[in-house]
Number of protein chains: 2
Amino acid sequence: MGRRERKKMRTREALIDAAFELFSAKGFDATTVEEIADAVDVSSRTFFRYFASKEDVALTFQEELMHGVLDAFAARPADEPVMTALRRAVVSVCHTCEAGGLGFDPGRFTCLLQLTNESGTLMAGSLEHTQKKMELITRAVARRMNVDPAADLRPHVVASTIGCGFQAAVEAMHSADLGYTSLAEAADDAFAILENGVNFASAPADGTADGPADTGGGAAVGADGGVKDDVKARKNAGVKVTAAGRG
Amino acid sequence: MGRRERKKMRTREALIDAAFELFSAKGFDATTVEEIADAVDVSSRTFFRYFASKEDVALTFQEELMHGVLDAFAARPADEPVMTALRRAVVSVCHTCEAGGLGFDPGRFTCLLQLTNESGTLMAGSLEHTQKKMELITRAVARRMNVDPAADLRPHVVASTIGCGFQAAVEAMHSADLGYTSLAEAADDAFAILENGVNFASAPADGTADGPADTGGGAAVGADGGVKDDVKARKNAGVKVTAAGRG
DNA sequence: CCTCAAACTGTCATGAGATGACACTTGTCG
DNA sequence: CGACAAGTGTCATCTCATGACAGTTTGAGG
């Protein structure tokens, strides 16, 4: 690798560093591309030669994360059901990131969550990015299920739950009452819910709440029905997931 | 209602009409706000007094749709499990829209789907809009489950599946091989999958595919396990959902 | 009817994001 | 070294978006 390549990489890293420093100091929207570029002493034009947009510099990490999940998902034992494998893949990658792995400054990881939550622009970019990766995820899921994604809707639905799970997890992180301190933990619980089924019984405000009620349609799931997995067992013994369950 | 109110409403309608006409003719990104404004003979500045952004004019319909779903969801019988109620609410609203209800020009409805799929900007805006409505949906779900959304992660996960289901449905619409012709139909199938559980068994490429395999974790779901609902029974008798199932 | 205040609109100015064109500098390789 | 490619800066331009201000329309009330 020649000097040119090295220099490019250094500039890129410097831009990311400067960007995050400014973002966390002033917020995403209040930071201009020119400021980022100036901090690294390049022109704004050059910034856009490294990143397609201002969001893009923040989304770099999401890209890494997503690929990490895809790799981990592919590496799961072949006999794990899809959502189980997906949950474990997501959780392991989150753990890695929060521990500073995959080139993640651990502080910057949580900073990114904060930024995404604060800025609508960044949130939109993040969601769109996830959406653009959908095809990859769908293919990975379909491969594991051994079905054709062009002819089967199921892998599409399963794949889209990854965004859904993350979203719920991030939301949970920002809700003080739920008391999560790590994304891995929140994601574990969120994906466990998806794994065990989400068709929870309705509990009319009157009288006996929460009893399994199959009245409506197919496969209603009780408050803590079907929980036998290692991690979930630990979780469900605690307060968060079933805080209001069968109270 | 005075003349002023009426005039405002007419301008607003005219802007929407002009916008959609231009969008479908030239695409979302290629259409400028100035063009839309000119077509109605107002200044671009005025456009931004009616709509916060260019996306906003298109997202008007999504807003209607979302509120329609929330209303329909609240109106479902109290004994239906949450995902069953959510699926039926979504499907009924989609039907209504595709039939031209709720002030939806039926052609414009499909046009919107097309536009959203083509333009990244619009896609991002659409996703962000859904995300912003999350709190409302979560509250509605929590109310039905009779749990406290601040202390229970489940309603958050359930709520976020609405975006997930729509996304899969829209994707299915744009995949010719799946052969859907109406969003209601696609959404029905997508939400049915969520309703019945998504933790499908992995099917190793070798030998016996698709048999229920509980080996991995909790509650693995067979290819067509737990299907007893009216609509799903119809669907699953066909080709789409289980095209590759137990073949 | 007439007047006044509020609401609505147009014009102007401004700023940020993003992109194309073109010239200049710097690294690479023969 | 010298030719060629890659990377960068400068300049121009477009679009989205917003604030300020002035002119016009409209509704309400004397």
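As a basis for the values below, the full set of heavy atoms in this structure was taken, side chains included, without hydrogen atoms, waters or symmetry mates. In what follows, every chain begins at residue 1, and chains take the letters A, B, ... in the order their sequences are listed.
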Show me the protein contacts with nucleotides 2-4 of chain D, counting only N or O atoms at under 3.5 Å.
none

From the options Q167(A), Q62(A), Q131(A), select the one residue that forms a side chain to side chain donor-acceptor pair (under 3.5 Å) with S126(A).
Q62(A)
Distance-only donor-acceptor test (3.5 Å): side chain R45(A), base dG20(C)
yes
Closest non-hydrogen atoms of A39(B) and A18(B), given as atom of the first, atom of the second and distance, are CB-CB, 3.9 Å
Identify whether any heavy atom of D29(B) sits under 4.0 Å from a base atom; if not, whether one sits that close to sugar-phosphate; answer base, sugar-phosphate or nothing.
nothing
Identify which one of V33(A), T60(A), V40(A) satisfies the side chain to side chain contact (heavy atoms under 4.5 Å, CB included) criterion when paired with L15(A).
V40(A)
Under 4.0 Å between any heavy atoms, over every strand shown, what does F51(B) touch: base, sugar-phosphate, or nothing? Just pick one.
nothing
Using a 4.0 Å heavy-atom cut-off, does R3(B) contact any base of the nucleic acid, only the sugar-phosphate backbone, or nothing at all?
sugar-phosphate
Which part of the nucleic acid, if any, lies within reach of T31(A) when heavy atoms closer than 4.0 Å are counted: base, sugar-phosphate only, or nothing?
sugar-phosphate
So what does T32(A) touch, heavy atoms closer than 4.0 Å: a base, only the sugar-phosphate, or nothing?
sugar-phosphate
Just to be sure I understand the rule, does S44(B) reach a base, reach only the sugar-phosphate, or reach nothing, if contact means heavy atoms closer than 4.0 Å?
nothing
What does F47(B) touch in the nucleic acid at a heavy-atom separation under 4.0 angstrom: a base, only the sugar-phosphate, or nothing?
nothing
